[in-house]
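For reference, the structure discussed in these notes is given below.
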Amino acid sequence: MTDPVTTTIDLPGVTLTYDVRGELADRDQPVLLMIGCPMGAGGFATLASHFTDRTVVTYDPRGVERSVRTDSGELDPQIHSADIAVLIETLDVGPVDVFASSGGAVNGLALLTARPDLVNSLVAHEPPLVEILPDRDAARAANDDIYATYQRDGLGAGMAKFIALVSFEGEFPADYTDRPAPDPAMFGLPAEDDGSRDDILIGQNLRGSTSYQPDFDALAAVADKLVIGVGEESVQQLAARGGQAVADRLGLTPVVFPSNHGGFLGDEYGMPGKPAEFAVKLHEVLA
């Protein structure tokens with residue numbers, strides 16, 4: 001695969017940065033857009049290397065890495081999906097296939113709802129949608145507690161609770177937030193508060209992404225474009241359960257992908273999944 005070519009788009013409040021691997025002018029190579037949130041383009045390097053038969057586009061969401069914000073405040077899927085729509089229109093190749101992971105999957109659902117004309121197919125892998133879970137009240141309280149902890153005690157304390165939350169198996173009990181807080185040191189996180197409150201995950205995207213409530217009537221009308229993915233090792237965790245809940249509402253059967261929530265990762269963040277096996281499954285789904 002050729003080296004990525006980097007381009008920017010100036011939008012209100014952000015300069016959006018994206019990478020293209022392959023030739024957009026080659027209409028024999030379908031375009032595959034890979035999106036995460038708050039993970040940026042760098043997280044898809046290994047997965048992209050398995051798609052030499054396609055032109056692969058990745059991007060840094062608003063506020064992530066190279067896509068520097070000039071606005072402020074918390075973000076939501078509607079803001080992100082509007083950015084993605086402009087990106088696809090800028091590519092000028094017509095509708096594209098989209099592989100979307102985690103918060104990116106939430107943003108992908110918002111995109112498919114608002115602009116189905118821009119999407120050939122959307123593979124939404126483990127969208128962490130709290131508000132459609134049967135245990136939504138307990139899950140929402142846990143989410144709110146993470147944000148409050150971050151605002152009060154800083155990144156280490158907040159991120160430790162986040163890791164515990166996303167790793168939890170099964171439904172959240174009503175007394176989940178009464179349990180002892182995890183020690184940040186368990187996860188290699190700092191215990192001291194550096195005073196910053198602009199973390200791209202907890203500070204800017206957590207609440208907007210997890211509280212998103214899909215428009216199921218709109219999605220039902222384009223359900224033939226939607227595939228829900230869950231990880232074989234993470235199927236009982238919050239994000240996969242969110243995906244299962246979307247599938248249940250739309251009468252879809254989730255596709256089980258190898259590994260876990262980050263099953264497509266190589267060594268980008270030191271937590272490799274099974275990217276080769278994951279890519280095989282994604283090829284099958286897109287075909």
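Start at 1 with the first residue, then count along the sequence.
Of the possible donor and acceptor atoms, none in the side chain of Q29 sits under 3.5 Å from a partner among the backbone N and O of L24. Between the side chain of H80 and the backbone N or O of L111 there is no donor-acceptor pair closer than 3.5 Å. Under a 3.5 Å cut-off, the side chain of N260 and the backbone N or O of E233 do not form any donor-acceptor pair. Between the S67 side chain and the G63 main chain, no donor and acceptor come within less than 3.5 Å of each other. Side chain of K225 to backbone of P116: a donor-acceptor contact under 3.5 angstrom is found. For the pair D19 (side chain) and P4 (backbone), a donor-acceptor distance under 3.5 Å is absent. Judged purely by atom type and a 3.5 angstrom limit, D76 uses its side chain to pair as donor or acceptor with the backbone of I79. Counting only distance, with no hydrogens or angles, the side chain of R197 and the backbone of Q151 share a donor-acceptor pair below 3.5 Å.
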For residues 92-108, tabulate all N or O donor-acceptor pairs below 3.5 Å that involve a side-chain atom, not counting sequence neighbours.
residue: D97; atom: OD1; partner: S121; partner atom: N; Å: 3.4
residue: D97; atom: OD1; partner: S121; partner atom: OG; Å: 2.7
residue: D97; atom: OD2; partner: R54; partner atom: NH1; Å: 2.9
residue: D97; atom: OD2; partner: R54; partner atom: NH2; Å: 3.3
residue: S102; atom: OG; partner: H261; partner atom: NE2; Å: 2.9
residue: N107; atom: ND2; partner: G103; partner atom: O; Å: 3.4

What donor-acceptor contacts under 3.5 angstrom involve side-chain atoms of residues 240-248, with partners at least two apart or in another chain?
residue: R241; atom: NH1; partner: D135; partner atom: OD2; Å: 3.3
residue: R241; atom: NH1; partner: G170; partner atom: O; Å: 3.3
residue: R241; atom: NH2; partner: D135; partner atom: OD1; Å: 2.5
residue: R241; atom: NH2; partner: D135; partner atom: OD2; Å: 3.3
residue: Q244; atom: NE2; partner: D248; partner atom: OD1; Å: 2.8

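At least one side-chain heavy atom of P214 sits less than 4.5 Å from a side-chain heavy atom of I132. Within the 4.5 Å cutoff, no side-chain heavy atoms of D153 are placed close to those of D193. Put simply, the side chain of V227 does not reach to within 4.5 Å of the side chain of L122, judged on heavy atoms. E232 is listed as a side-chain neighbour of K274, based on a closest heavy-atom distance under 4.5 Å. When side chains are defined from C-beta on, Y176 does not count as touching D145, because their heavy atoms never get closer than 4.5 Å. Residues L226 and L252 meet the side-chain proximity criterion, which asks for heavy atoms closer than 4.5 Å. Here the side chains of Y59 and V20 are not in contact, with every heavy-atom distance at 4.5 Å or above. A heavy-atom distance below 4.5 Å is not found between the side chains of T58 and Y18.
Sorted pairs that involve residues 127-166 and meet ring-ring contact (aromatic ring centres under 6.0 Å, His included), not counting sequence neighbours, are lacking altogether. Residue pairs meeting the side chain to side chain donor-acceptor pair (under 3.5 Å) criterion with at least one member in residues 35-46, sequence neighbours excluded: T46-E268. Sorted by first and then second residue, the ring-ring contact (aromatic ring centres under 6.0 Å, His included) pairs involving residues 104-144 (not counting sequence neighbours) are H125-F257, H125-F278. Sorted by first and then second residue, the ring-ring contact (aromatic ring centres under 6.0 Å, His included) pairs involving residues 182-201 (not counting sequence neighbours) form an empty list. Judged as a salt bridge (charged side-chain N to carboxylate O under 4.0 Å, His left out), not a single pair has a partner in residues 212-224 (not counting sequence neighbours).
Of all non-hydrogen atoms in L165 and A142, the two that sit nearest each other are CD1-CB, 3.4 Å. A pairwise comparison of heavy atoms in V64 and M39 identifies CG1-C, 4.4 Å as the closest pair. Taking both residues in full, the closest heavy atoms of A138 and A174 are given as CB-CA, 4.3 Å, listed atom of the first, atom of the second, then distance. Considering every non-hydrogen atom in both A124 and L109, the closest pair reads CB-CD2, 4.4 Å. In terms of heavy atoms, P173 sits closest to F168 at CD-CZ, 3.8 Å. Summarising the geometry of L133 relative to A139, their closest heavy-atom pair is CD1-CB, 4.4 Å, with the distance given to 0.1 Å.
With sequence neighbours excluded, the residues that form a salt bridge (charged side-chain N to carboxylate O under 4.0 Å, His left out) with K281 are E284. Residues satisfying the salt bridge (charged side-chain N to carboxylate O under 4.0 Å, His left out) criterion with D199, sequence neighbours excluded, are absent altogether. Every residue was checked against the side-chain hydrogen bond (donor to acceptor under 3.5 Å, both in side chains) condition with Q78, not counting sequence neighbours, and none meets it. With sequence neighbours left out, the salt bridge (charged side-chain N to carboxylate O under 4.0 Å, His left out) criterion links E169 to no other residue. With sequence neighbours left out, the salt bridge (charged side-chain N to carboxylate O under 4.0 Å, His left out) criterion links D194 to no other residue.
A side-chain donor from one of N143 and T210 sits under 3.5 Å from a side-chain acceptor of the other. Donor-acceptor pairing under 3.5 Å is recorded for the side chains of Q204 and R69. Between the side chains of E23 and T55, no donor-acceptor pair of N or O atoms lies under 3.5 Å.
At most 12 heavy atoms of other shown residues, nucleotides or ligands fall within 6.0 angstrom of atom CZ in R249.
Taking 4.0 Å as the cut-off between side-chain N and carboxylate O, E171 and R136 do not count as a salt-bridged pair. With salt bridges taken as basic N to acidic carboxylate O contacts below 4.0 Å, none links D3 and R21.
Here the options are N205, I84, L11, the test is side chain to side chain contact (heavy atoms under 4.5 Å, CB included), and the partner is R62; only L11 passes.
A single hydrophobic cluster is seen to contain both L118 and L16, as judged by linkage of ILVMFWY side chains at heavy-atom distances under 4.5 Å, directly or through other members. Linking ILVMFWY side-chain heavy atoms closer than 4.5 Å, directly or via other members, places L238 and L206 in a single hydrophobic cluster. V285 and V119 sit in two unconnected hydrophobic clusters of ILVMFWY residues. Membership requires side-chain heavy atoms under 4.5 Å apart, directly or through other members. Under the 4.5 Å side-chain heavy-atom criterion for ILVMFWY residues, a single connected hydrophobic cluster contains both F264 and Y269. Both L112 and Y212 belong to a common hydrophobic cluster when Ile, Leu, Val, Met, Phe, Trp and Tyr are linked at side-chain heavy-atom distances under 4.5 angstrom.
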Between T15 and I9, is the side-chain contact (heavy atoms from CB on, under 4.5 Å) condition met? List the steps.
CA-CA 6 Å; T15 298; I9 307 170; over 6 Å; no
side-chain contact (heavy atoms from CB on, under 4.5 Å) for S167 and I163? Distances and angles first, verdict last.
CA-CA 6 Å; S167 303; I163 294 171; 4.1 Å; yes
